[in-house]
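Heads up: the structure comes next, in structure tokens.
So that the names make sense, note that chain A is the first sequence line, chain B the second, and so on, each numbered from 1. Since we're looking at a predicted model, the values are computed, not measured.
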Amino acid sequence: MINIKEDEKLSVLNHSCAHLLAQAVKHLYPKALFWVGPVIEDGFYYDIDLGDITLTDEDLPKIEKEMKKIAKDGKRIVREEISKSEALERFKNDPYKIDLIERMNEDEEVISCYTQGDFTDLCRGPHVESVKELKHFKLIKSSGAYFKGDSKNKVLQRIYGICFETEEDLNKYLEYLEECKMRDHRKIGREQELFMSHNLVGSGMPLWLPNGALIRKQLENYIYDKERRLGYLHVYTPCVGTVDLYKTSGHWDHYKENMFPVMKVDEEEFVLRPMNCPHHMLIYKNSLHSYRDLPIRIGEAATDFRYEASGAVKGLERVRCMCQNDAHLFVRPDQIGEEFKKVVGLILDVYKDFGITNYKFRLSLRDPEDTEKYFDDDQMWNEAENTLRQVLDSMDIDYFEAIGEAAFYGPKLDVEVKPAVGPEVTLSTCQLDFLLPRRFDLSYIASNGEKQVPVVIHRAIFGTFDRFTAFFIEECKGAFPTWLAPTQVAVMPVSAEHQGEYAKEIADFLSDNDIRVKLDDRNEKLGYRLREAQTSKIPYTLILGDNEKNDKTISYRLYGKKETTTVTKEEFLKLLKQEIENKACNKEM
RNA sequence: GCCGAAAUAGCUCAACUGGUAGAGCAACUGAUUUGUAAUCAGUAGGUUGUGGGUUCAAGUCCUACUUUCGGCACCA
């Protein structure tokens, strides 16, 4: 999808459209005051103070109509450069503009205004020549937005819109929005009975239905096998811990606001765990370790609970009960690079299997100014951050750095994946931690007989199974590759009376060979049953008529394809097995 | 959490400004025995998210809560 912000021409067009929006709002709501109206990836918005008035969705068409009217009048857009004192004078009744102007430095930038008809706005520009050029736009949505993005501030009203050069481009964008809705994992999840929620269970607490659970189980098995081959040891640990456990780890001080409240049992205080590091630390600590034993890799598909803000909860993507594909690697300092490399290698390997090609590595560093979030040990931070840079450089991996995105205990490498539609999601993470091993007093015996503190690498490849599933549903539009599909093969006789027995025989044969089969021998027309198999996106449909029955063959049809292929049941099974083994992804997603 | 919108049958939606809930699909029953995306007929399905309130009368108005949706803020 096009990124407006990266296109110079469209940026100017959209920013001009934001002014047009402001002018229309001013006409309809004369008391309106304007904050900023920037161009974003998906068009533009304007943050507006309307006093007591609150916009609803019904107001957008009215504003849009007024915009069209102004655009039709075709006033020229005139630039004017003014001094700071003049600007302050001109906008003296507008606290928002004063706020902007006061932070401007005359020596560094020119202060300019743009006027179109009866409307003038402080703006850097540039703009199109005339409002007449703004023809193909649409207001998309309105909402509240905190002034300056700070939740302590008052809420302004934000209107989003987008503008294109042609009607065709605009329509294409509107179609794209429809496409997003069609791919929404919540919609597909309901249609294909993957998961559900219930208000008695609570917000952000999805229930995985058999079809969804089957997919998740495949994912769990898949990553478990990969990890096992890489020397990971898998454990089970409880979903609760004492408050003292999290005080020891330091999470209590940093994140207790985001944990479910304390449960008091007898004299002890428990919390639902928001992460698994402390439990795994204690498992490491359960025995003595020689430098020869390291690295020790402890993995778990671990359920965690986080008290996500009510407004943040969304489908399987953002939940309050999640299952992490978590592991903690306990390594010697000299092993950091090698282990980190292996984790990055695993990430790339998994992405390949899932056909994920569009991703970016983000090196999340601490903000040295933020002494509240990050523990104070410059040397430790610098060392950790430099180690990560060296590893990435040595692997020839492109990455960008993000200040202030590190965990409180150390820097991390996050992988941002660009989905087929919608904004980027962070799936994998790999974090370096010099802090928790110290807090838990972990050690190993070095070759010289002295106790040393190991370094911990926290990593999650899928991130959480919940979020990954949400992501992948949208990637494949619910048409899962055969190895993940809840039902892999639909078997249907043309007529149950005539080929029903043969169909049953074929279905049993496949089922006995671990293929997930659904026999559809209902007394419905073939077209009806076939349609159902297609709409539920079952990868293979077998059609068995007299021809197949007499020749001892099967005819199969792939999801989304019209043509049929006829082979023996053994050949078909071989083909299926191979496809499942290869974890082939249908790349027409 | 904040700003706004919403919640009606399993799903998608309807019911004019208050007058006692209806359709399609799905389900079930019967007939049909079917060759590549919807055979026909019938049946059943609802304390309109929950609790209060206003009213002769509430799906519709008010109110609290729960959940969902769109953003904002947040995301160890």
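- With distances taken from any side-chain atom of Glu497(A) to the nucleotides U39(B), G70(B), U33(B), the minimum falls on U33(B).
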- In sequence, state the C-alpha distance, the side-chain angles, and the governing distance for Phe465(A) and Phe468(A), and then conclude on ring-ring contact (aromatic ring centres under 6.0 Å, His included). CA-CA 5 Å; Phe465(A) 291 101; Phe468(A) 187 85; 8.3 Å; no

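- Nucleic acid contact for Gln157(A): none, since no nucleic acid atom lies under 4.0 Å from a heavy atom of the residue.
- Listed candidates were C3(B), A76(B), G35(B). Nearest to the side chain of Ser143(A) is C3(B).
- More than 12 heavy atoms of other shown residues, nucleotides or ligands fall within 6.0 angstrom of atom NZ in Lys26(A).
- Within 4.0 Å (heavy atoms only), Arg557(A) reaches at least one base atom of the nucleic acid.
- With both pairing distances under 3.5 Å, C40(B) is matched to G30(B) as a Watson-Crick or G-U wobble pair.
- Taking only side-chain atoms of Tyr409(A), from C-beta outward, the nucleotide of U33(B), C72(B), A76(B) with the closest atom is A76(B).
- Within the 4.0 angstrom heavy-atom criterion, no nucleotide atom of any strand lies near Asp150(A).
- When distances run from any side-chain atom of Ser203(A) to the nucleotides C69(B), U67(B), G35(B), the shortest one goes to U67(B).
- As rounded to the nearest Å, C65(B) and G71(B) have C1' atoms that lie 23 Å from one another.
- A donor-acceptor contact under 3.5 Å is formed by the side chain of Arg318(A) with the base of C74(B).
- Within the nucleic acid shown, Lys141(A) comes within 4.0 Å of sugar-phosphate atoms alone, with no base atom in reach, counting heavy atoms only.
- Side chain of Asp59(A) to main chain of Leu55(A): no donor-acceptor pair is present (N/O by atom type, distance under 3.5 Å, no hydrogens or angles).
- Within 4.0 Å of Gln499(A), counting heavy atoms only, lies no atom of the nucleic acid at all.
- The same atom, P, is picked in A27(B) and in A57(B); the two are 42 Å apart, to the nearest Å.
- Residue Gly410(A) is classed as having no contact, given no heavy-atom separation below 4.0 Å to the nucleic acid.
- Judged by atom type and distance alone, Glu193(A) does not reach the base of G10(B) through any side-chain donor-acceptor pair under 3.5 Å.
- Where Ser495(A) and Arg531(A) each meet RNA chain B at their nearest nucleotide, the meeting point lying more 5' is that of Ser495(A).
- Shown are Glu474(A), Lys181(A), Met182(A), Gln192(A); of these, the side chain to side chain contact (heavy atoms under 4.5 Å, CB included) with Lys187(A) is made only by Met182(A).
- With no hydrogens or angles considered, no side-chain donor-acceptor pair links Glu548(A) and Thr566(A) at under 3.5 Å.
- Distance Glu563(A) CD to A37(B) P: 12 Å, rounded to the nearest Å.
- Following rounding to the nearest Å, Leu544(A) (CG) and U36(B) (C1') show an atom-to-atom distance of 12 Å.
- Between the CE atom of Met492(A) and the P atom of U34(B) there is a distance of 17 Å, given to the nearest Å.
- Here U36(B) is the nucleotide among U36(B), G1(B), A76(B) with the atom lying nearest to any side-chain atom of Leu530(A).
- Which of A27(B), U66(B), C69(B) sits closest to the side chain of Arg186(A) comes down to C69(B).
- The P atoms of G52(B) and U43(B) are separated by 37 Å, rounded to the nearest whole Å.
- The neighbour count for Met263(A) CE, taken as heavy atoms of other residues, nucleotides or ligands under 6.0 Å away, is above 12.
- Geometrically, Lys373(A) does not engage Phe408(A) in a cation-pi contact defined by less than 6.0 Å to the ring centre and at most 45° from the axis.
- Across all strands shown, Ser151(A) has heavy atoms under 4.0 Å from sugar-phosphate atoms exclusively, and none from any base.
- If you check every strand for non-hydrogen atoms under 4.0 Å, Thr54(A) touches sugar and phosphate atoms only.
- When the P atom is used for both G4(B) and U12(B), the distance is 26 Å, rounded to whole Å.
- Judged by distance alone, with hydrogens and angles left aside, Tyr146(A) brings no side-chain donor or acceptor close enough to the base of G71(B) to form a pair under 3.5 Å.
- The CD1-P distance, from Ile48(A) to C72(B), rounds to 16 Å in whole Å.
- Residue-level contact check: Arg306(A) touches the bases, meaning some heavy atom is under 4.0 Å from a base atom.
- If you check C2(B) for Watson-Crick or wobble pairing at under 3.5 angstrom, you find it paired to G71(B).
- Using N1 to N3 plus N6-O4 or O6-N4 for Watson-Crick, or N1-O2 and O6-N3 for G-U wobble, each under 3.5 Å, A7(B) pairs with U66(B).
- Judged by Watson-Crick or G-U wobble contacts below 3.5 Å, the nucleotide G35(B) has no partner.
- Using a 4.0 Å heavy-atom criterion, one finds that Ser310(A) contacts the bases of the nucleic acid, with or without backbone contacts as well.
- If you check every strand for non-hydrogen atoms under 4.0 Å, Thr535(A) touches a base.
- As rounded to whole Å, 7 Å separates atom P of A27(B) from atom CZ of Arg522(A).
- As judged by a 4.0 angstrom heavy-atom cut-off over every strand, Val155(A) is placed among residues touching the sugar-phosphate backbone only.
- Both tests pass for Lys360(A) against the ring of Phe400(A): distance under 6.0 Å to the centre and angle within 45° of the axis.
- The side chain of Thr564(A) approaches U36(B) more closely than any other nucleotide in the set U36(B), G35(B), A76(B).
- Figure legend: cation-pi geometry between Arg158(A) and Tyr46(A) absent, as NZ or CZ is not positioned both under 6.0 Å from the six-membered ring centre and within 45° of its axis.
- When both pairing distances are held under 3.5 Å, U48(B) makes no Watson-Crick or G-U pair with any nucleotide shown.
- Looking at heavy-atom distances under 4.0 Å, His498(A) makes contact with sugar-phosphate atoms alone, never a base.
- In this structure, Asn523(A) places its CG atom 15 Å from C1' of C28(B), rounding to the nearest Å.
- Base pairing annotation: U12(B) forms a Watson-Crick or G-U wobble pair with A23(B), both donor-acceptor distances under 3.5 Å.
- For the pair Ile538(A) CD1 and U36(B) C1', the interatomic distance rounds to 15 Å; values are reported in whole Å.
- A21(B) sits 13 Å from G45(B) when the C1' atoms are compared, rounded to a whole Å.
- Using a distance-only test at 3.5 Å, with no hydrogens or angles considered, a donor-acceptor pair links the side chain of Arg557(A) to the main chain of Lys561(A).
- Counting any heavy atom pair closer than 4.0 Å across all strands shown, Gly527(A) reaches sugar-phosphate atoms only and no base atom.
- The nearest whole Å value for the distance from the CD atom in Glu308(A) to the C1' atom in C72(B) is 16 Å.
- Minimum atom distance to the side chain of Ala407(A) is reached by A76(B), of the listed A76(B), U33(B), U68(B).
- For the OP1/OP2 pair of A26(B) and a distance below 4.0 Å, the side-chain nitrogens and oxygens of Tyr528(A) include at least one atom meeting the criterion.
- Toward the 5' end of RNA chain B, the nearer of the two residues Ser555(A) and His198(A), judged by each one's closest nucleotide, is Ser555(A).
- With G35(B), A38(B), A73(B) as the choices, the nucleotide that has an atom nearest any side-chain atom of Ala312(A) turns out to be A73(B).
- Of the candidate nucleotides A37(B), G35(B), U39(B), A37(B) has the atom lying nearest to any side-chain atom of Lys562(A).
- Evaluation of Tyr255(A) against the base of A76(B) yields a stacking contact (centre distance < 5.5 Å, interplanar angle < 30°).
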